[in-house]
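Worksheet for the structure shown next.
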Amino acid sequence: CLTIDSFVVVLNDIRPEISSMVENQITCRTTEALVSFSSSIIGTLFEVFSGAVKIDEGSNVSISDPGMYVVYGLAPNNCRDTTFFSISADTLSPDINVSLPDTITCLMDEVVLLANSSVSNPIFEWNGTLGNPFSATAGGIYRIVVTDSFNGCQTVDSVIVAENKVFAEYSIQSSEI
């Protein structure tokens, strides 16, 4: 009596092809970058490392430091893949230049305060009021905040407006009545 049995061995050595997508960069407004991962094989597990330190795991992670990262993917068939991605940061504060104001006097009851910056579309705020230039009607310290409209970073400066409204004293002297 002879019995023959057969079976088929299927080799499943397909590596998961990992894709990463960095949603945003780190700025003064956004302190974390969102990164999502996908794979050519459903059920792949993802682990994110910075050097030898495991940062996070899963298909969606938040990263708060700029730099290079590596993601390891482990598919259900125990095959692995690796890919790299980088997180950038734009946290540069805008430059600011403030023109020196004139002095407020009896003849000049207001002075114009003017600031400028080399960033595109800066937002100027003088003493809590949006806009540039700004009219100062009294002596004192005037605070200017310049915000980069793209990354949200700010620079603060101030200027002193002097006021000199001393009236001259006159006296009339007459020897005749």
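Everything numeric in this text was worked out from a predicted model, so none of it was measured. Nothing fancy with the numbering, it's 1 onward along the sequence. Atoms considered below: every heavy atom in the structure, side chains included; atoms not considered: hydrogens, waters and symmetry mates.
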G73 to I18 - nearest heavy-atom pair and separation = N-CD1, 3.2 Å

request  = Scan side-chain atoms only and decide if S64 and E32 contain a donor-acceptor pair under the 3.5 Å cut-off.
outcome  = no

inquiry  = Has T27 got a side-chain atom pairing as donor or acceptor with T30's backbone, closer than 3.5 angstrom?
reply    = yes

query = Is a side-chain donor or acceptor of S117 paired with a backbone partner of D95 at a separation under 3.5 angstrom?
reply = yes

message = Once rounded to the nearest 0.5 Å, what's the spacing between atom CD of Q154 and atom CD of E125?
response = 7.5 Å

ask   = Between M68 and S86, what is the shortest heavy-atom contact and its length?
value = SD-CB, 3.4 Å

message = Let me confirm one number: the CD1-SG distance from I26 to C28, rounded to the nearest 0.5 Å.
response = 11.0 Å

query = Is the gap between the ring centers of Y69 and F84 under 6.0 Å?
reply = no

key: Residue list, side chain to side chain contact (heavy atoms under 4.5 Å, CB included) with N127, at least two apart or on another chain   = Y142, R143

Non-hydrogen side-chain atoms of I87 and V22 separated by less than 4.5 Å = yes

ask   = Quick one: are F37 and V61 in side-chain contact, heavy atoms under 4.5 Å?
value = yes

ask   = How far apart are the closest heavy atoms of S149 and R29, and which atoms are they?
value = O-NH1, 3.1 Å

Any S36 side-chain heavy atom under 4.5 Å of S59 side chain = no

key: Expected output: side-chain E57 to main-chain E47 donor-acceptor under 3.5 Å   = no

task = Sequence neighbours left out, what passes side chain to side chain donor-acceptor pair (under 3.5 Å) with S39? Give chain and number order.
result = T44

message = Pair T129, F134 - check side chain to side chain contact (heavy atoms under 4.5 Å, CB included), show working.
response = CA-CA 8 Å; T129 302; F134 181 80; 4.1 Å; yes

note = Distance col, row T147:OG1 vs N121:CG, nearest 0.5 angstrom, shows 12.5 Å

query = Side chains of N24 and L34: closer than 4.5 Å at any heavy-atom pair?
reply = yes

request  = Please answer whether the main-chain N or O of I14 pairs with a side-chain N or O of N77 as donor and acceptor at a distance below 3.5 Å.
outcome  = yes

Same apolar cluster: L114 and F124, side chain cutoff 4.5 Å = no

query = Do F85 and V35 come close enough that some side-chain heavy atom pair is under 4.5 Å?
reply = yes

inquiry  = Is it the case that the side chain of S40 and the backbone of E17 share a donor-acceptor pair, with hydrogens and angles ignored and the cut-off at 3.5 Å?
reply    = yes

query = Does the side chain of T83 come within less than 4.5 Å of V70's, by heavy atoms?
reply = no

query = Does one hydrophobic cluster hold both I55 and L45, with members joined at side-chain heavy-atom distances below 4.5 Å?
reply = no

inquiry  = Test your reading of the model: is there a side-chain donor-acceptor pair from D90 to the backbone of N151, 3.5 Å cut-off?
reply    = no

query = Side-chain heavy atoms under 4.5 angstrom apart, residues restricted to Ile, Leu, Val, Met, Phe, Trp, Tyr: same cluster for M108 and I104?
reply = yes

query = Cluster question for you: counting only ILVMFWY and a side-chain heavy-atom cut-off of under 4.5 Å, with indirect links fine, are V53 and Y72 together?
reply = no

query = Side-chain contact, heavy-atom cut-off 4.5 Å: S38 with S19?
reply = yes

In one Ile/Leu/Val/Met/Phe/Trp/Tyr side-chain cluster, 4.5 Å: V71, I41 = no

message = I need the D65 CG to S50 OG distance, nearest 0.5 Å.
response = 7.5 Å

ask   = Counting distance only, does the side-chain N/O of N132 pair as donor-acceptor with the main-chain N or O of A115 below 3.5 Å?
value = yes

ask   = Of the non-hydrogen atoms in I144 and S158, which two are nearest, and what is the gap between them?
value = CG2-N, 4.4 Å

Residue pair V159 / W126, side-chain heavy-atom distance below 4.5 Å = yes

key: Check against side chain to side chain contact (heavy atoms under 4.5 Å, CB included), V146 and I123   = CA-CA 6 Å; V146 177; I123 300 168; over 6 Å; no

ask   = Rounded to the nearest 0.5 Å, what separation is found between the CG atom of N97 and the CG atom of N116?
value = 5.0 Å

message = Return the CG to CG distance between L113 and L100, rounded to the nearest 0.5 Å.
response = 10.5 Å

R80 CZ: over 12 foreign heavy atoms closer than 6.0 Å = no

ask   = With a cut-off of 6.0 Å (strictly less than), are more than 12 heavy atoms of other residues, nucleotides or ligands near CD of E110?
value = yes

request  = State, to 0.1 Å, how close P66 and S88 come at their nearest heavy-atom pair, and which atoms those are.
outcome  = CB-C, 4.2 Å

